[in-house]
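In what follows, a single structure is set out as C-alpha coordinates and then discussed.
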Amino acid sequence: EELFRVAVIGSGNWGSVAAKLIASNTVKQSMFHDEVRMWVFEETLPNGRKLSETINQENENVKYLPGIKLGSNVVADPDLLNSVKEANMLVFVTPHQFVEGICKRLVGNIRPDAEAISLIKGMEVKTEGPCMISKLISEMLSVNCCVLMGANIANEIAVEKFSEATIGYRQDKEAAQRWARLFSTPYFLVSAVPDVEGVELCGTLKNVVAIAAGLVDGLDMGNNTKAAIMRIGLREMKAFSKLLFSSVKDSTFFESCGVADLITTCLGGRNRRVAEAFARSGGKRSFDELETELLQGQKLQGVSTAKEVFEVLRNRGWQSLFPLFTTVHEISIGLLPPTAIVEYSEHARNLN
Ligand code: NAD
Ligand code: 13P
(Lines give C-alpha, C1' and ligand atoms only; values in the text may rest on other atoms or scores of the structure.)
(Ligands and ions follow the chains in the order given, each with its own letter.)
Protein backbone atom coordinates (compact mmCIF):
# COMPACT_ATOMS: atom_id res chain seq x y z
CA GLU A 1 0.00 0.00 0.00
CA GLU A 2 1.14 3.52 -0.79
CA LEU A 3 2.64 5.45 2.09
CA PHE A 4 1.45 8.87 3.19
CA ARG A 5 3.88 11.67 2.33
CA VAL A 6 4.02 14.89 4.29
CA ALA A 7 4.93 18.43 3.26
CA VAL A 8 5.09 21.27 5.78
CA ILE A 9 4.27 24.60 4.18
CA GLY A 10 6.06 27.15 6.35
CA SER A 11 9.28 27.16 8.34
CA GLY A 12 9.00 29.88 10.97
CA ASN A 13 9.22 29.24 14.70
CA TRP A 14 6.19 26.94 14.94
CA GLY A 15 6.59 25.60 11.41
CA SER A 16 10.07 24.32 12.27
CA VAL A 17 8.89 22.70 15.50
CA ALA A 18 5.96 21.11 13.68
CA ALA A 19 8.38 19.63 11.12
CA LYS A 20 10.53 18.25 13.96
CA LEU A 21 7.52 16.68 15.72
CA ILE A 22 6.23 15.14 12.50
CA ALA A 23 9.66 13.88 11.44
CA SER A 24 10.09 12.08 14.76
CA ASN A 25 6.89 10.15 13.95
CA THR A 26 7.31 9.47 10.23
CA VAL A 27 10.52 7.52 10.92
CA LYS A 28 8.74 5.37 13.51
CA GLN A 29 5.37 4.72 11.87
CA SER A 30 5.27 2.54 8.79
CA MET A 31 2.22 4.22 7.26
CA PHE A 32 4.25 7.38 6.58
CA HIS A 33 7.14 7.96 4.21
CA ASP A 34 10.17 8.99 6.33
CA GLU A 35 11.03 12.21 4.51
CA VAL A 36 9.29 15.43 5.55
CA ARG A 37 9.60 18.25 2.99
CA MET A 38 9.52 21.70 4.54
CA TRP A 39 8.89 24.68 2.26
CA VAL A 40 11.14 27.61 3.17
CA PHE A 41 10.33 31.18 2.20
CA GLU A 42 13.86 31.81 1.01
CA GLU A 43 16.00 34.55 2.46
CA THR A 44 19.68 35.38 2.61
CA LEU A 45 21.23 35.33 6.07
CA PRO A 46 23.60 38.09 7.28
CA ASN A 47 26.54 35.76 6.49
CA GLY A 48 25.45 35.68 2.83
CA ARG A 49 24.21 32.07 2.91
CA LYS A 50 20.73 30.97 1.90
CA LEU A 51 18.44 29.94 4.74
CA SER A 52 17.25 26.72 3.04
CA GLU A 53 20.81 25.55 2.33
CA THR A 54 21.86 26.29 5.89
CA ILE A 55 18.89 24.31 7.25
CA ASN A 56 19.89 21.32 5.13
CA GLN A 57 23.57 21.55 6.03
CA GLU A 58 23.10 22.03 9.75
CA ASN A 59 19.74 20.30 10.23
CA GLU A 60 18.72 23.40 12.11
CA ASN A 61 16.64 26.49 11.32
CA VAL A 62 19.32 28.91 12.49
CA LYS A 63 17.06 31.94 12.09
CA TYR A 64 13.65 30.87 13.42
CA LEU A 65 14.55 27.99 15.75
CA PRO A 66 18.25 28.19 16.63
CA GLY A 67 19.84 25.45 18.68
CA ILE A 68 17.37 22.67 17.79
CA LYS A 69 18.06 19.76 15.45
CA LEU A 70 15.07 19.05 13.23
CA GLY A 71 15.76 15.39 12.43
CA SER A 72 17.80 14.20 9.48
CA ASN A 73 14.64 13.30 7.53
CA VAL A 74 13.53 16.95 7.34
CA VAL A 75 14.43 18.42 3.94
CA ALA A 76 14.18 22.18 3.45
CA ASP A 77 12.99 23.17 -0.02
CA PRO A 78 12.75 26.78 -1.25
CA ASP A 79 10.60 25.73 -4.23
CA LEU A 80 6.95 25.73 -3.11
CA LEU A 81 5.59 23.60 -5.95
CA ASN A 82 8.42 21.09 -5.72
CA SER A 83 7.91 20.78 -1.97
CA VAL A 84 4.27 19.67 -2.35
CA LYS A 85 4.38 17.71 -5.58
CA GLU A 86 4.61 14.25 -4.03
CA ALA A 87 2.79 14.95 -0.78
CA ASN A 88 -0.72 13.86 0.09
CA MET A 89 -0.64 15.33 3.62
CA LEU A 90 -0.18 19.11 3.56
CA VAL A 91 0.53 20.95 6.82
CA PHE A 92 -0.07 24.71 6.53
CA VAL A 93 1.86 26.75 9.09
CA THR A 94 2.69 30.28 7.94
CA PRO A 95 1.60 33.65 9.33
CA HIS A 96 -2.02 34.01 8.22
CA GLN A 97 -1.47 37.02 5.96
CA PHE A 98 0.54 34.91 3.47
CA VAL A 99 -1.85 31.98 3.02
CA GLU A 100 -3.98 33.32 0.22
CA GLY A 101 -0.93 34.08 -1.96
CA ILE A 102 0.52 30.64 -1.25
CA CYS A 103 -2.76 28.88 -2.10
CA LYS A 104 -3.02 30.81 -5.38
CA ARG A 105 0.33 29.36 -6.40
CA LEU A 106 -0.71 25.86 -5.30
CA VAL A 107 -3.97 25.72 -7.31
CA GLY A 108 -3.66 22.90 -9.84
CA ASN A 109 -0.27 21.88 -8.45
CA ILE A 110 -1.14 19.52 -5.60
CA ARG A 111 -2.00 15.85 -5.67
CA PRO A 112 -5.72 15.20 -6.22
CA ASP A 113 -5.81 12.94 -3.13
CA ALA A 114 -4.16 15.53 -0.85
CA GLU A 115 -5.55 16.28 2.62
CA ALA A 116 -4.67 19.43 4.56
CA ILE A 117 -4.39 20.64 8.12
CA SER A 118 -3.93 24.24 9.23
CA LEU A 119 -1.87 25.22 12.28
CA ILE A 120 -2.42 28.89 11.41
CA LYS A 121 -4.07 31.22 13.89
CA GLY A 122 -5.92 33.96 12.04
CA MET A 123 -8.73 34.81 9.64
CA GLU A 124 -9.39 36.79 6.47
CA VAL A 125 -12.18 39.30 6.04
CA LYS A 126 -13.67 39.42 2.57
CA THR A 127 -16.47 41.66 1.32
CA GLU A 128 -18.85 38.71 1.81
CA GLY A 129 -17.75 38.38 5.43
CA PRO A 130 -15.13 36.60 7.53
CA CYS A 131 -13.37 33.53 6.17
CA MET A 132 -11.44 31.18 8.41
CA ILE A 133 -8.02 30.11 7.10
CA SER A 134 -8.97 26.41 6.93
CA LYS A 135 -11.97 27.35 4.79
CA LEU A 136 -9.78 29.47 2.52
CA ILE A 137 -7.43 26.50 2.06
CA SER A 138 -10.21 23.97 1.50
CA GLU A 139 -12.10 26.19 -0.94
CA MET A 140 -9.12 27.38 -2.97
CA LEU A 141 -7.54 23.93 -3.23
CA SER A 142 -10.67 21.70 -3.05
CA VAL A 143 -9.20 19.69 -0.18
CA ASN A 144 -10.50 18.56 3.19
CA CYS A 145 -8.84 20.76 5.83
CA CYS A 146 -8.66 20.02 9.57
CA VAL A 147 -7.07 22.40 12.10
CA LEU A 148 -4.65 21.87 14.99
CA MET A 149 -4.53 24.49 17.73
CA GLY A 150 -3.51 24.46 21.38
CA ALA A 151 -1.41 25.87 24.20
CA ASN A 152 1.69 25.47 22.09
CA ILE A 153 4.46 28.01 22.55
CA ALA A 154 6.83 26.61 19.93
CA ASN A 155 10.10 27.09 21.84
CA GLU A 156 8.81 24.97 24.74
CA ILE A 157 7.69 22.11 22.48
CA ALA A 158 11.05 22.31 20.69
CA VAL A 159 12.74 21.18 23.93
CA GLU A 160 10.09 18.49 24.40
CA LYS A 161 8.27 19.91 27.41
CA PHE A 162 4.83 18.33 27.88
CA SER A 163 1.86 20.01 26.22
CA GLU A 164 -1.50 19.24 24.66
CA ALA A 165 -3.22 20.20 21.41
CA THR A 166 -6.67 19.95 19.84
CA ILE A 167 -7.52 18.88 16.31
CA GLY A 168 -10.79 20.22 14.93
CA TYR A 169 -12.43 18.30 12.12
CA ARG A 170 -15.65 18.51 10.13
CA GLN A 171 -16.87 15.03 9.16
CA ASP A 172 -13.78 13.09 8.32
CA LYS A 173 -12.91 11.41 11.58
CA GLU A 174 -10.51 9.04 9.86
CA ALA A 175 -8.46 11.93 8.49
CA ALA A 176 -8.46 13.55 11.95
CA GLN A 177 -7.16 10.31 13.47
CA ARG A 178 -4.41 10.12 10.88
CA TRP A 179 -3.37 13.70 11.69
CA ALA A 180 -3.39 12.84 15.39
CA ARG A 181 -1.04 9.91 14.69
CA LEU A 182 1.25 12.17 12.71
CA PHE A 183 1.56 14.75 15.52
CA SER A 184 1.20 12.81 18.80
CA THR A 185 4.28 12.08 20.88
CA PRO A 186 4.62 11.23 24.58
CA TYR A 187 5.23 14.95 25.24
CA PHE A 188 2.63 16.26 22.77
CA LEU A 189 -0.86 14.90 23.49
CA VAL A 190 -3.37 15.46 20.73
CA SER A 191 -7.12 14.98 20.93
CA ALA A 192 -9.72 15.56 18.22
CA VAL A 193 -13.12 17.25 18.39
CA PRO A 194 -15.73 17.61 15.61
CA ASP A 195 -15.83 21.43 15.80
CA VAL A 196 -13.43 22.89 13.26
CA GLU A 197 -14.79 26.45 13.53
CA GLY A 198 -14.74 26.43 17.34
CA VAL A 199 -11.13 25.19 17.51
CA GLU A 200 -9.92 27.62 14.85
CA LEU A 201 -11.73 30.63 16.34
CA CYS A 202 -10.25 29.86 19.77
CA GLY A 203 -6.72 29.88 18.33
CA THR A 204 -7.40 33.01 16.32
CA LEU A 205 -9.21 35.17 18.87
CA LYS A 206 -6.93 34.48 21.83
CA ASN A 207 -4.22 36.48 20.02
CA VAL A 208 -6.39 39.60 20.42
CA VAL A 209 -6.81 38.91 24.14
CA ALA A 210 -3.02 38.39 24.39
CA ILE A 211 -2.48 41.93 23.09
CA ALA A 212 -4.76 43.18 25.88
CA ALA A 213 -2.84 41.08 28.43
CA GLY A 214 0.47 42.54 27.22
CA LEU A 215 -0.92 46.05 27.54
CA VAL A 216 -1.85 45.50 31.20
CA ASP A 217 1.64 44.07 31.81
CA GLY A 218 3.14 47.21 30.28
CA LEU A 219 0.93 49.33 32.53
CA ASP A 220 2.13 47.31 35.60
CA MET A 221 -1.45 46.51 36.54
CA GLY A 222 -0.78 43.19 38.25
CA ASN A 223 -2.34 39.76 38.27
CA ASN A 224 -5.94 40.54 39.16
CA THR A 225 -6.24 42.90 36.22
CA LYS A 226 -4.67 40.42 33.88
CA ALA A 227 -6.99 37.65 35.06
CA ALA A 228 -9.95 39.96 34.55
CA ILE A 229 -8.81 40.73 31.01
CA MET A 230 -8.44 37.01 30.32
CA ARG A 231 -11.91 36.25 31.70
CA ILE A 232 -13.57 39.02 29.72
CA GLY A 233 -11.58 38.02 26.66
CA LEU A 234 -12.66 34.39 26.94
CA ARG A 235 -16.27 35.50 27.21
CA GLU A 236 -15.93 37.61 24.05
CA MET A 237 -14.17 34.73 22.27
CA LYS A 238 -17.08 32.45 23.01
CA ALA A 239 -19.77 35.00 22.14
CA PHE A 240 -18.11 35.99 18.87
CA SER A 241 -17.53 32.38 17.80
CA LYS A 242 -21.14 31.44 18.48
CA LEU A 243 -22.53 34.47 16.68
CA LEU A 244 -20.48 33.57 13.60
CA PHE A 245 -21.14 29.81 13.76
CA SER A 246 -24.06 28.51 15.79
CA SER A 247 -22.48 25.03 15.59
CA VAL A 248 -19.58 26.04 17.90
CA LYS A 249 -19.67 23.99 21.11
CA ASP A 250 -19.14 25.28 24.67
CA SER A 251 -16.97 22.25 25.44
CA THR A 252 -14.38 23.36 22.85
CA PHE A 253 -13.43 26.31 25.08
CA PHE A 254 -12.29 23.84 27.75
CA GLU A 255 -9.97 21.98 25.37
CA SER A 256 -6.29 22.88 24.95
CA CYS A 257 -7.20 25.18 22.04
CA GLY A 258 -9.45 27.25 24.32
CA VAL A 259 -8.68 28.26 27.86
CA ALA A 260 -5.22 26.64 27.91
CA ASP A 261 -3.96 28.46 24.81
CA LEU A 262 -5.44 31.69 26.14
CA ILE A 263 -3.50 31.29 29.39
CA THR A 264 -0.13 30.37 27.88
CA THR A 265 -0.27 33.10 25.24
CA CYS A 266 -1.24 35.76 27.79
CA LEU A 267 1.67 34.63 30.01
CA GLY A 268 4.44 33.88 27.55
CA GLY A 269 3.58 34.67 23.93
CA ARG A 270 5.00 37.08 21.37
CA ASN A 271 1.76 39.07 21.09
CA ARG A 272 1.92 39.70 24.83
CA ARG A 273 5.56 40.68 24.68
CA VAL A 274 5.22 43.23 21.89
CA ALA A 275 2.05 44.71 23.43
CA GLU A 276 3.90 45.17 26.73
CA ALA A 277 6.63 47.14 24.92
CA PHE A 278 3.96 49.18 23.12
CA ALA A 279 2.31 50.14 26.42
CA ARG A 280 5.71 50.96 28.00
CA SER A 281 6.35 53.37 25.12
CA GLY A 282 3.03 55.05 26.00
CA GLY A 283 1.74 54.08 22.57
CA LYS A 284 4.43 56.25 20.93
CA ARG A 285 6.16 53.43 19.07
CA SER A 286 4.16 51.46 16.51
CA PHE A 287 3.44 47.74 16.70
CA ASP A 288 5.14 47.29 13.31
CA GLU A 289 8.34 48.90 14.52
CA LEU A 290 8.34 46.91 17.78
CA GLU A 291 7.59 43.65 15.94
CA THR A 292 10.65 44.16 13.71
CA GLU A 293 12.86 45.11 16.66
CA LEU A 294 11.78 42.43 19.14
CA LEU A 295 10.85 39.45 16.95
CA GLN A 296 13.58 39.47 14.26
CA GLY A 297 11.49 38.19 11.39
CA GLN A 298 8.84 36.35 13.40
CA LYS A 299 5.35 37.73 12.93
CA LEU A 300 2.59 38.95 15.25
CA GLN A 301 -0.93 37.81 14.47
CA GLY A 302 -2.89 39.65 17.17
CA VAL A 303 -2.86 43.20 15.79
CA SER A 304 -4.04 42.22 12.31
CA THR A 305 -6.59 39.82 13.83
CA ALA A 306 -7.95 42.66 16.00
CA LYS A 307 -8.43 44.70 12.83
CA GLU A 308 -10.11 41.81 11.04
CA VAL A 309 -12.41 41.15 14.00
CA PHE A 310 -13.19 44.87 14.19
CA GLU A 311 -14.23 44.90 10.52
CA VAL A 312 -16.66 42.08 11.22
CA LEU A 313 -18.03 43.88 14.30
CA ARG A 314 -18.48 47.11 12.38
CA ASN A 315 -20.11 45.45 9.37
CA ARG A 316 -22.57 43.65 11.59
CA GLY A 317 -23.16 46.42 14.15
CA TRP A 318 -21.82 44.27 16.99
CA GLN A 319 -19.20 46.67 18.45
CA SER A 320 -21.10 47.33 21.67
CA LEU A 321 -21.20 43.60 22.38
CA PHE A 322 -17.40 43.30 22.20
CA PRO A 323 -15.79 46.16 24.15
CA LEU A 324 -12.49 44.35 24.72
CA PHE A 325 -11.97 43.37 21.07
CA THR A 326 -13.00 46.86 19.94
CA THR A 327 -10.71 48.60 22.42
CA VAL A 328 -7.68 46.48 21.49
CA HIS A 329 -8.10 47.50 17.86
CA GLU A 330 -8.58 51.18 18.69
CA ILE A 331 -5.47 51.18 20.90
CA SER A 332 -3.38 49.37 18.28
CA ILE A 333 -4.15 52.01 15.64
CA GLY A 334 -3.48 54.89 18.06
CA LEU A 335 -7.08 56.04 18.40
CA LEU A 336 -7.05 55.35 22.15
CA PRO A 337 -4.12 55.35 24.61
CA PRO A 338 -2.89 52.01 26.06
CA THR A 339 -4.55 52.90 29.39
CA ALA A 340 -7.95 52.60 27.69
CA ILE A 341 -7.64 48.83 28.07
CA VAL A 342 -8.62 49.14 31.73
CA GLU A 343 -11.08 51.94 31.18
CA TYR A 344 -12.92 49.86 28.70
CA SER A 345 -15.62 48.74 31.13
CA GLU A 346 -16.59 52.40 31.34
CA HIS A 347 -16.56 52.42 27.56
CA ALA A 348 -18.76 49.30 27.59
CA ARG A 349 -21.29 50.92 29.94
CA ASN A 350 -21.53 53.92 27.64
CA LEU A 351 -22.08 51.72 24.65
CA ASN A 352 -24.58 49.38 26.25
P1 NAD B 1 7.08 33.01 12.52
O2 NAD B 1 6.29 34.18 12.98
O3 NAD B 1 8.12 32.48 13.43
O4 NAD B 1 7.87 33.33 11.20
C5 NAD B 1 7.48 34.10 10.14
C6 NAD B 1 7.57 33.24 8.90
O7 NAD B 1 6.99 33.94 7.80
C8 NAD B 1 8.99 32.87 8.47
O9 NAD B 1 9.06 31.52 8.14
C10 NAD B 1 9.20 33.73 7.23
O11 NAD B 1 10.10 33.16 6.33
C12 NAD B 1 7.82 33.75 6.67
N13 NAD B 1 7.55 34.81 5.71
C14 NAD B 1 7.94 36.10 5.76
N15 NAD B 1 7.50 36.76 4.67
C16 NAD B 1 6.80 35.85 3.94
C17 NAD B 1 6.08 35.92 2.72
N18 NAD B 1 5.99 37.06 2.02
N19 NAD B 1 5.47 34.81 2.27
C20 NAD B 1 5.54 33.66 2.96
N21 NAD B 1 6.21 33.52 4.12
C22 NAD B 1 6.82 34.62 4.60
O23 NAD B 1 6.08 31.82 12.08
P24 NAD B 1 5.38 30.72 13.00
O25 NAD B 1 5.66 30.95 14.45
O26 NAD B 1 5.71 29.40 12.43
O27 NAD B 1 3.84 31.05 12.83
C28 NAD B 1 3.00 30.46 11.86
C29 NAD B 1 1.60 30.35 12.41
O30 NAD B 1 1.63 29.48 13.55
C31 NAD B 1 0.96 31.65 12.90
O32 NAD B 1 -0.40 31.68 12.53
C33 NAD B 1 1.06 31.55 14.42
O34 NAD B 1 0.03 32.24 15.08
C35 NAD B 1 0.94 30.06 14.63
N36 NAD B 1 1.50 29.56 15.90
C37 NAD B 1 2.72 29.97 16.34
C38 NAD B 1 3.22 29.46 17.53
C39 NAD B 1 4.55 29.87 18.08
O40 NAD B 1 4.81 29.66 19.28
N41 NAD B 1 5.45 30.41 17.29
C42 NAD B 1 2.47 28.52 18.24
C43 NAD B 1 1.24 28.11 17.75
C44 NAD B 1 0.76 28.65 16.57
P1 13P C 1 2.25 34.10 20.14
O2 13P C 1 2.17 34.21 18.63
O3 13P C 1 1.64 35.26 20.87
O4 13P C 1 3.65 33.81 20.60
O5 13P C 1 1.38 32.83 20.54
C6 13P C 1 1.87 31.56 20.28
C7 13P C 1 0.78 30.55 20.39
O8 13P C 1 -0.12 30.54 19.58
C9 13P C 1 0.84 29.60 21.50
O10 13P C 1 -0.12 28.58 21.39
Side-chain angles (χ1 to χ4, degrees), residues 8-21 38-45 50-52 55 61-66 68 76 78 80 83 91-106 117-124 132-134 137 147-159 161 163-166 183 188 199-200 202-214 217 255-276 287 291-292 294-306 308:
V8 176
I9 301 164
S11 52
N13 189 230
W14 183 217
S16 302
V17 176
K20 173 184 184 280
L21 266 177
M38 179 173 78
W39 173 62
V40 174
F41 177 75
E42 190 67 291
E43 58 188 286
T44 305
L45 299 171
K50 295 273 186 239
L51 177 60
S52 64
I55 295 174
N61 189 336
V62 293
K63 174 152 181 190
Y64 295 100
L65 190 67
I68 304 291
L80 177 65
S83 71
V91 179
F92 285 85
V93 53
T94 64
H96 78 280
Q97 58 269 39
F98 305 129
V99 181
E100 196 169 3
I102 290 168
C103 286
K104 272 194 190 137
R105 293 171 58 198
L106 290 177
I117 193 165
S118 171
L119 277 49
I120 299 165
K121 295 172 176 173
M123 64 200 243
E124 291 264 316
M132 301 311 294
I133 297 299
S134 68
I137 293 169
V147 299
L148 181 146
M149 309 273 145
N152 298 149
I153 298 217
N155 292 333
E156 298 178 16
I157 299 169
V159 291
K161 291 180 175 168
S163 68
E164 299 180 305
T166 316
F183 280 94
F188 193 68
V199 174
E200 193 167 4
C202 278
T204 299
L205 297 171
K206 63 85 193 174
N207 283 335
V208 180
V209 187
I211 298 283
D217 283 348
E255 300 289 344
S256 178
C257 63
V259 66
D261 194 10
L262 178 72
I263 292 170
T264 200
T265 310
C266 289
L267 297 181
R270 302 169 296 187
N271 285 289
R272 186 219 68 80
R273 181 164 163 229
V274 177
E276 177 179 3
F287 271 97
E291 177 188 60
T292 307
L294 296 173
L295 301 186
Q296 281 131 18
Q298 295 187 30
K299 300 281 180 202
L300 277 188
Q301 306 281 265
V303 172
S304 47
T305 303
E308 285 140 9

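Whatever order the structure lists ligands and atoms in, that order sets their numbers, starting from 1. All values derive from a computational prediction rather than experimental measurement.
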Legend entry - Validation row: M132, V147 side chains within 4.5 angstrom (heavy atoms): no
Inset, instruction - Around atom 29 (C) of ligand 1, find the nearest protein heavy atom and jot down its residue, atom name and distance. - result: T94 O, 3.5 Å
Inset, instruction - For E43, counting its heavy atoms only, list the atoms of ligand 1 lying under 4.0 Å from any of them. - result: 11 (O)
Inset, instruction - Compute the shortest N/O to N/O distance between I120 and ligand 1 and return yes if it is under 3.5 Å, no if not. - result: no
Inset, instruction - Give yes if a backbone or side-chain nitrogen or oxygen of I102 is under 3.5 Å from a nitrogen or oxygen of ligand 1, and no if not. - result: no
Inset, instruction - Quick one: look up the protein heavy atom nearest atom 42 (C) of ligand 1 and list residue, atom name and how far away it is. - result: N152 O, 3.0 Å
Inset, instruction - Determine whether N61 and S11 make a side-chain contact, defined as any pair of heavy atoms from C-beta on separated by less than 4.5 Å. - result: yes
Legend entry - Interatomic distance, I9 atom CD1 to T94 atom OG1 [nearest 0.5 angstrom]: 8.5 Å
Inset, instruction - Indicate yes or no: does an N/O atom of W39 lie under 3.5 Å from an N/O atom of ligand 1? - result: no
Legend entry - For S11, atoms of ligand 1 separated by under 4.0 Å from a heavy atom: 9 (O)
Legend entry - Between CD on residue E42 and CG on residue L51, distance to nearest 0.5 Å: 6.0 Å
Legend entry - Shortest protein contact, atom 40 (O) of ligand 1 (heavy atom only): A154 N, 2.8 Å
Legend entry - N or O pair under 3.5 Å between K299 and ligand 1: yes
Inset, instruction - Please state which part of M149 comes within less than 4.0 Å of ligand 1, counting heavy atoms only: side chain, backbone, both or neither. - result: neither
Inset, instruction - Distance to 0.1 Å, residue and atom name: give those for the protein heavy atom nearest to atom 4 (O) of ligand 1. - result: G12 CA, 3.6 Å
Inset, instruction - Starting from atom 3 (O) of ligand 2, locate the nearest protein heavy atom and write down its residue, its atom name and how far away it is, to 0.1 Å. - result: N271 ND2, 2.7 Å
Inset, instruction - Number the atoms of ligand 2 from 1 as they appear, then name those within less than 4.0 Å of a heavy atom of G269, with their elements. - result: 3 (O), 4 (O)
Inset, instruction - Using a strict cut-off of 4.0 Å, indicate which atoms of ligand 2 neighbour a heavy atom of N152. - result: 9 (C), 10 (O)
Inset, instruction - Determine whether any heavy atom of G268 lies closer than 4.0 Å to an atom of ligand 2. - result: no
Legend entry - Approximate separation, where rounding is to 0.5 Å, of R272 CZ and N207 CG: 13.5 Å
Inset, instruction - Determine whether any heavy atom of G297 lies closer than 4.0 Å to an atom of ligand 1. - result: yes
Inset, instruction - Looking only at protein heavy atoms, identify the closest one to atom 10 (C) of ligand 1 and say how far it is in Å. - result: Y64 OH, 3.5 Å
Legend entry - Atom indices of ligand 2, in the order listed, that fall short of 4.0 Å to a heavy atom of G150: 10 (O)
Inset, instruction - Mind checking whether V40 contacts ligand 1 via backbone (N, CA, C, O), side chain (CB onward), both or neither, at a 4.0 Å heavy-atom cut-off? - result: neither
Legend entry - Close side-chain approach of V259 to I263, heavy-atom, < 4.5 Å: yes
Inset, instruction - Closest by any non-hydrogen atom to atom 5 (O) of ligand 2: pick that one out of M149, K121, K206. - result: K206
Inset, instruction - Please report the closest heavy-atom contact between L21 and F183, naming both atoms and the distance. - result: CD2-O, 4.0 Å
Legend entry - Shortest reach to atom 1 (P) of ligand 2 by a heavy atom, considering only Q301, R270, R272, Q298: R270
Legend entry - Side-chain heavy-atom pair V17, F188 within 4.5 angstrom cut-off: no
Inset, instruction - Apply side-chain contact (heavy atoms from CB on, under 4.5 Å) to N155 and L65, showing your working. - result: CA-CA 8 Å; N155 292 333; L65 190 67; 3.7 Å; yes
Inset, instruction - Work out whether the distance between some heavy atom of P95 and some atom of ligand 1 is less than 4.0 Å. - result: yes
Inset, instruction - Answer yes or no: does an N/O atom from Q301 fall short of 3.5 Å to an N/O atom of ligand 1? - result: yes
Inset, instruction - Could you establish whether G10 and ligand 1 come within less than 4.0 Å of each other, counting only heavy atoms on the residue side? - result: no
Inset, instruction - Could you give me the CA-CA distance, side-chain angles and deciding distance for Q97 and Q301, then say whether side chain to side chain donor-acceptor pair (under 3.5 Å) is met? - result: CA-CA 9 Å; Q97 58 269 39; Q301 306 281 265; 3.1 Å; yes
Inset, instruction - Answer whether the closest heavy-atom distance between the side chains of H96 and T204 falls below 4.5 Å. - result: no
Inset, instruction - Would you tell me which option among F41, W14, F92 has the nearest heavy-atom contact to atom 17 (C) of ligand 1? - result: F41
Inset, instruction - Give the residue and atom name of whichever protein heavy atom lies nearest to atom 3 (O) of ligand 1, and the separation in Å to one decimal. - result: N13 N, 2.8 Å
Inset, instruction - Report yes or no: does a heavy atom of K63 sit under 4.0 Å from some atom of ligand 1? - result: no
Inset, instruction - Could you label the plane-to-plane angle of the F41 and F98 rings as parallel, tilted or perpendicular, counting under 30° as parallel and over 60° as perpendicular? - result: parallel
Legend entry - Side chain, backbone, both or neither: N155 near ligand 1, heavy atoms under 4.0 Å: neither
Inset, instruction - Report yes or no: does N13 contribute a side-chain atom to a donor-acceptor pair with the main-chain N or O of A154 at less than 3.5 Å? - result: no
Inset, instruction - Give the numbers and elements of all ligand 2 atoms closer than 4.0 Å to a heavy atom of T265. - result: 3 (O), 5 (O), 7 (C), 9 (C)
Inset, instruction - Give a yes or no on whether the backbone of P78 and the side-chain of W39 come within a donor-acceptor separation of less than 3.5 Å. - result: yes
Inset, instruction - Look only at interatomic distance and state if I153 has a nitrogen or oxygen under 3.5 Å from any nitrogen or oxygen of ligand 1. - result: no
Legend entry - Min side-chain heavy-atom separation T44-K50 under 4.5 Å: yes
Inset, instruction - Please report the closest heavy-atom contact between C202 and G258, naming both atoms and the distance. - result: SG-CA, 3.8 Å
Legend entry - Option nearest atom 10 (O) of ligand 2 (shortest heavy-atom distance, choices D261, N207, T264): D261
Inset, instruction - Give the single entry among K121, Q298, R270 that approaches atom 27 (O) of ligand 1 most closely by any heavy atom. - result: R270
Legend entry - E200 side chain reached by M123 side chain, heavy atoms, under 4.5 Å: no
Inset, instruction - Between F98 and ligand 1, find which residue part has any heavy-atom pair under 4.0 Å and reply side chain, backbone, both or neither. - result: side chain
Legend entry - Test side-chain contact (heavy atoms from CB on, under 4.5 Å) applied to E43 and K63, step by step: CA-CA 10 Å; E43 58 188 286; K63 174 152 181 190; 2.6 Å; yes
Inset, instruction - Spell out, as yes or no, whether a donor-acceptor pair under 3.5 Å connects the side chain of T166 to the backbone of C257. - result: yes
